[in-house]
A.B. asks: 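The structure's right below; bear with me while I get my questions together.
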Amino acid sequence: MEWLKKNLPKIVVAPSFAVLLWFVYGFIAWTFYVSLTNSKLLPNYEFWGIHQYIRLWQMPRWHVAVENLFIFTILFIILCIFIGVILSIFLDQKIRSEGFLKTIYLYPMALSFIVTGTAWKWILNPTMGIEKFVNQLGFENFQFDWLVTPGMSIYTIVIAGVWQSSGFIMAIFLAGLRSIDDEVIKAAKVDGASTISIYMKIVLPMMRPVFMSAIVILVHLSIKSYDLVIALTAGGPGISSDMPAVFMTKMAFGRSEIGLASASAIMMFATVSAIIVPYLYSELRREQDVK
Amino acid sequence: MATLKIKNLEKKFNQTEVLKGINLEINDGDFLVLLGPSGCGKSTLLNTIAGLENSDNGEIIIDSQKVNDMEPSERDIAFVFQSYALYPAMNVEENIVFGLKQRKISKDKINESLNRIVELLKITELLKRKPAQLSGGQRQRVAMGRALVRDPKIFLFDEPLSNLDAKLRIEMRREIKKLHKNFKTTMVYVTHDQTEAMSLGTKIAIMNNGKIEQFDTPNNIYNKPNSIFVADFVGSPSMNFISGYIKKDENVISFFPDNEKQKSINLNLIKTKVNNSDEILLGIRPEHIFLKKEHAVRVTKDHNFAEIEVNPELHEYIGHEQIVTFNYYGQEILGKFSSSINIEIDKKMTLFVDLNSVSLFDKETKRRI
Amino acid sequence: MKMKKILIAIFAISLVPNISFAGPKAEVLHWWTSGGEAKALSVLKADFADKGGEWTDMPVAGGGGDAAMQTLKARIVAGDAPAAAQVKGPAIQEYDDQGVIKPYNIDAVAKAEGWDKLVSKQVAQHMKCNNFTQYCAAPVNIHRIDWFWANKKVLDSNGIKMPTSWSEFNAAADKLQAAGIIPFAHGGQPWQDATVFEAVALGIGGNDFYKKAFIDLDQKALSGSTMVKVFDQMRKLKSYTDAGSPGRDWNVATGMVMDGKAAFQIMGDWAKGEFSAKGLKPGKDYYCSPTPSNKGYLYNVDSFVFYNVKGADKLEGQKLLASLIMGKNFQKVFNMYKGSIPARLDVSMADFDDCAKKSNADLNAASAAGGLMPSYAHGMALKGAQSGAITDVVTEHFNSNMSSKDAAKKLAAAVKASL
Amino acid sequence: MLNKINFSRIFLFLILGLFVFYYITPLYVMIVTSLKSMNEIREGNLFSLPSTINFDAWKIAWGGRGEGTSDTFLKPYFFNSLKITIPALIISTLLGAINGYALTKWKFKGANLIFLLFLFGTFIPYQAILLPMARTLGFLGISNSPIGLILVHSVYGLGFTTLFFRNYYVSISDEIVKAAKVDGAGFFKIFFTILLPISLPILVVTIIFQFTQIWNDFLFGVTFSFGEHAPIQVALNNMVLTSASVKYYNVDMAAAIMAALPTLVIYILAGNYFIKGLTAGSVKG
């Protein structure tokens with residue numbers, strides 16, 4: 001009874017922790033092991049070395065997927081942060097309709113990527129969508145067929161992705177701006193700094209942690225981006241807008257290449273870890289420093 | 001009401017030792033103040049007494065019963081926290097009786113205790129309010145009420161006044177003093193404020209770096225500090241330390257301040273165990289420095305005072321008093337005088353030091369000689 | 001007390017599915033969701049219900065079966081295989097290799113009904129597991145893949161005849177393009193790209209080339225000059241498509257031919273179902289003819305594979321379903337809707353339309369001339385990994401500026417890597 | 001001076017307005033398209049208002065055309081999603097709350113490490129756990145059932161919910177818990193009578209977050225559920241992909257709005273609250 005009382009907190013956390021160990025870390029270990037086997041439709045536990053990784057990196061399709069991931073991630077981050085920063089600074093200028101504007105900027109976040117993809121697929125549709133609209137306006141030669149142009153379709157995913165997520169980044173930055181000590185800005189004003197230079201030289205540099213958080217969130221979203229690609233282009237035309245997340249499911253459930261799919265999943269996992277682990281480490285350090 | 005005994009208590013957080021063998025003993029009705037700078041381990045010691053933290057070694061004995069393995073609630077203590085720690089979702093009344101309810105005390109008794117406390121603390125009109133609707137002083141009162149209602153063996157206070165403004169702090173300090181006087185309960189009180197410690201404690205334990213530097217009555221702590229640390233920590237402005245060495249020839253014991261070969265202070269009348277060429281610090285409290293010889297002659301026993309030549313450099317006016325900074329062979333000495341006296345800055349003068357009240361410290365060990 | 005009652009009730013409910021044996025049961029996974037196909041399948045559903053069976057439909061639309069296969073594999077990986085699924089070609093044997101079909105529940109039915117005599121040997125081979133000794137799948141039909149579908153009105157008004165060679169086709173397409181008509185209706189999805197590709201490969205390369213490249217996976221054939229020519233023709237075909245083609249479903253492309261927006265489409269004979277659903281008649285409203293080749297015939301046999309399931313009701317369901325699929329009536333009615341020809345040999349072709357009759361005749365001729373080839377694009381020739389690798393390159397080439405030479409080189413490399 | 005201020009103010013509103021246009025356009029297009037007939041869609045343009053408001057597309061998207069099995073519509077899947085979302089939401093929120101409480105207010109050895117593992121768990125790409133999850137669900141006999149998806153969402157929501165509650169409870173004074181311990185309250189008593197009553201803000205944030213996450217999930221839905229057990233996002237995707245010789249854009253758009261409606265309503269009702277809670281962590285962190 002005494003023992004129970006003393007260890008109650010541990011006992012309460014234990015089930016969740018066990019679930020976490022099994023369903024997250026155990027599963028990742030499983031996937032890692034399977035990536036070292038020649039598993040096809042079903043897992044086969046005979047060790048096969050790193051062949052799947054060699055095969056993976058020899059596949060042109062994987063290269064397309066990785067390249068697309070880079071294009072998407074970089075553009076997605078830059079655009080979301082750019083829009084987020086601009087909008088948050090503008091909204092911070094004591095705008096009377098701030099609440100209303102915020103609601104509009106933010107609602108896409110409530111929509112799923114499937115809904116987002118469905119909507120944008122219709123808007124970007126080259127025969128019925130924006131192209132047709134502009135043509136009807138009298139610009140007969142206007143062409144906007146990125147959705148169906150290999151090499152361009154990845155950018156439509158960027159457009160839709162930025163639409164869905166940039167509002168949230170704006171909210172993060174706005175919260176960051178509001179949390180900055182007023183006195184610093186007052187001090188700068190007393191020193192005669194203009195509004196622009198106050199933001200550029202004082203406020204934004206102070207928001208370094210906010211930038212960090214935003215980047216981590218966005219990287220994480222972009223590596224996970226599966227739904228949006230499926231709903232918008234399904235990886236097409238051809239495989240031109242393939243991404244690692246799509247590649248993995250295609251290999252696992254389309255091609256019966258569980259070993260290869262696991263290898264690609266582990267590559268994704270490694271990429272995320274390479275970004276998240278240092279981030280979490282620095283976060284934790286800071287938290288301890290504060291204490 | 002109880003006695004409290006702590007034997008060789010040790011505690012570690014990870015690698016760092018927070019309590020390094022604490023020994024204390026107080027009697028029934030004592031008011032023990034744990035005084036020290038932040039991070040010295042005083043709050044940890046209090047938490048350990050309460051059972052909110054476990055010790056790694058040693059014993060805590062309340063009323064001859066070892067309580068190390070008991071839950072906080074079983075130790076029959078009450079705790080008043082720095083942030084008051086009122087339960088935000090409960091109103092004042094619920095806050096106060098929560099502990100009694102946990103102990104399954106009958107409703108009548110609970111009401112009786114509640115009424116007693118409410119009257120004592122004059123918080124009747126606050127009973128139905130939530131903590132968020134109370135002022136700092138009111139919260140403090142409720143927190144006290146929550147502790148008092150339980151009528152425990154020992155009260156523990158963790159810097160209960162530090163969140164109040166200066167005026168309220170002095171008011172509440174007096175109330176705590178009154179409570180102690182009326183109830184005669186054993187109390188342990190943590191603070192970093194030496195005035196609070198002096199005014200409240202019957203016993204003070206000065207803590208530094210996980211150890212008790214001195215455990216004594218307020219009087220001894222102030223007048224006979226065990227170490228430089230204690231001497232420096234208690235008193236405002238704090239004690240002056242004049243660095244120098246001892247010259248002992250034949251029967252004369254002289255103290256030479258650094259940078260001075262000629263003029264020394266004769267320490268013959270103080271019976272000290274000093275040796276020739278000992279490096280020491282001579283500690284003088286600012287109020288033991290006089291401007292006029294007559295004054296010194298009148299006050300000091302056996303006319304045991306020394307004359308020192310100094311240069312006044314700065315004076316700070318603080319109302320009824322002034323604090324003057326002097327240069328004594330390159331060392332700073334502060335003196336405290338009535339503000340009615342006029343001291344001319346940068347004009348050399350002689351001061352008179354009451355040698356009966358000085359303390360000598362070994363420069364090496366920093367202990368009292 | 002109340003709690004206890006509720007718990008008992010919940011427990012009882014959870015037991016219900018196990019207690020009740022209603023009759024034959026089958027959960028059937030397929031991707032026949034579009035008009036003609038859905039109608040054809042409903043024949044089977046009706047038969048099944050008539051025999052007291054309980055049919056659980058699992059239609060998975062999208063991507064010419066890609067989505068369905070994905071769902072199926074996810075279920076099998078989860079260890080939850082359906083009773084029957086629309087699977088064909090070497091994939092059947094692939095599943096068998098993974099041990100999810102054994103113990104071949106329908107073999108007894110096949111033996112009893114004498115399936116070996118009812119279908120051609122080539123078709124029967126596809127249906128057998130356990131080293132081609134036991135039936136584990138039931139054939140539904142034989143589809144021909146290498147068809148040209150064309151709008152008669154459009155062709156006639158532009159003075160064009162059905163092409164008999166690829167150069168004739170190119171000339172016709174150029175003429176149509178000049179006249180402002182989309183020459184080639186195409187849905188830019190990987191499997192459709194592959195469908196066109198294999199028809200072109202069979203036509204330009206010939207039967208032996210096709211066999212070497214897509215059955216034997218001969219490196220020389222895959223990277224050789226013939227393959228370069230095949231890719232050249234693919235590039236030409238791409239130039240005949242419209243801007244909206246990528247991502248379009250096949251039946252939408254067929255609709256363009258029907259509406260006269262486009263002239264030609266290369267698609268398997270299921271496209272006919274779309275024409276007939278609109279009441280259009282071959283020869284009168286539209287043309288069907290094989291894509292140019294030397295007595296080649298790309299076939300695709302749709303079939304249902306029967307997985308290892310537990311429970312008497314499910315086993316009964318599988319047996320009933322297998323028997324019904326091979327039934328004469330179903331084979332006839334289904335294929336008349338679907339556009340294909342029966343897998344069963346003893347079904348009279350009299351009631352079928354001209355396209356089907358032609359298909360049947362060509363089948364026999366091709367079989368005699370050695371031109372009867374399993375379709376790679378529809379998973380009849382290769383395992384998933386290899387056909388997938390080929391399709392990746394084909395679709396990448398078709399949707400980019402990649403040169404034909406590079407494409408051929410890449411093709412050979414991709415196949416090598418997938419082995 | 002006045003002119004300068006006016007000019008920059010105008011520029012400010014111009015940019016803000018431009019973005020209003022960017023964000024609102026898709027929703028506008030979805031709504032007007034869903035209310036048009038197919039003829040109007042073909043002949044008119046993307047942005048034109050419907051000539052008559054026509055809810056046929058909505059009816060079809062919700063209840064189908066009555067064509068039997070080839071007919072896909074959202075109604076059953078909408079309820080599937082509710083069946084999955086609500087239990088998973090409750091389970092993961094409750095567990096997250098108690099975890100966050102235990103990890104902050106009852107710091108035991110390794111509590112920080114455990115929290116770190118939870119936190120890291122929220123970042124993993126789900127592809128890395130998809131296959132073993134499929135095997136596990138199959139093994140437990142709950143693949144292709146709402147229970148399976150409830151399990152999946154509860155498990156992978158746990159990291160987020162724990163994170164939310166942990167960050168919230170860290171900001172609440174430890175002394176309250178100490179006081180309660182001295183008063184004689186135990187682990188659960190403290191949680192239920194002292195902390196839970198003041199956890200409303202974070203509860204709201206967590207519930208909205210989890211609801212949105214689970215409702216909007218596609219990957220788990222499409223991998224672990226098939227046919228009639230699919231959640232709404234999967235059904236929506238199937239519906240949009242279903243081959244038919246004519247694409248009914250109006251029905252697609254109506255379906256998309258339907259699939260988005262619950263989260264949209266919650267967002268509009270409690271969005272500000274939600275954003276405040278959600279951004280608090282990342283700004284501080």
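In this text the structure is predicted, and so the values were computed from the model without any measurement. Every chain is numbered from 1, with letters handed out A, B, ... down the list of sequences.
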A.B. asks: With side chain to side chain contact (heavy atoms under 4.5 Å, CB included) as the criterion, how do B:Phe81 and D:Ile176 come out once you've worked through the C-alpha distance, each side chain's angles and the decisive distance to 0.1 Å?
C.D. replies: CA-CA 9 Å; B:Phe81 293 91; D:Ile176 291 176; over 6 Å; no

A.B. asks: B:Ala147 versus chain D, heavy atoms under 4.5 Å apart: side chain, backbone, both or neither?
C.D. replies: neither

A.B. asks: Give me the atom names and distance for the closest heavy-atom approach of D:Val182 to B:Ile77.
C.D. replies: CG1-O, 3.6 Å

A.B. asks: Taking all heavy atoms of B:Pro88 and all of D:Ile198, pick out the closest pair and write down the distance.
C.D. replies: CB-CG2, 3.6 Å

A.B. asks: Within the supplied structure, the quantity of interest is the number of heavy atoms (other residues, nucleotides, ligands) at a distance under 6.0 Å from B:Phe13 CZ; does it exceed 12?
C.D. replies: yes

A.B. asks: Distance-only check: which donor-acceptor pairs of chain D and chain B lie under 3.5 Å?
C.D. replies:
unit_1: D:Glu175; atom_1: OE1; unit_2: B:Gln82; atom_2: N; d: 3.4
unit_1: D:Glu175; atom_1: OE1; unit_2: B:Ser83; atom_2: N; d: 2.8
unit_1: D:Glu175; atom_1: OE1; unit_2: B:Ser83; atom_2: OG; d: 2.4
unit_1: D:Ala179; atom_1: O; unit_2: B:Tyr87; atom_2: OH; d: 3.3
unit_1: D:Ala180; atom_1: N; unit_2: B:Tyr87; atom_2: OH; d: 3.1
unit_1: D:Val182; atom_1: O; unit_2: B:Arg103; atom_2: NH2; d: 3.4
unit_1: D:Asp183; atom_1: O; unit_2: B:Arg103; atom_2: NH1; d: 3.0
unit_1: D:Asp183; atom_1: OD1; unit_2: B:Arg150; atom_2: NH1; d: 3.4
unit_1: D:Asp183; atom_1: OD2; unit_2: B:Tyr87; atom_2: OH; d: 2.8

A.B. asks: Given heavy-atom pairs under 4.5 angstrom as the criterion, report whether the side chain, backbone, both or neither of B:Leu86 touches chain D.
C.D. replies: backbone

A.B. asks: If you count every heavy atom of other residues, nucleotides or ligands that lies below 6.0 Å from D:Ile147 atom CD1, does the total exceed 12?
C.D. replies: no

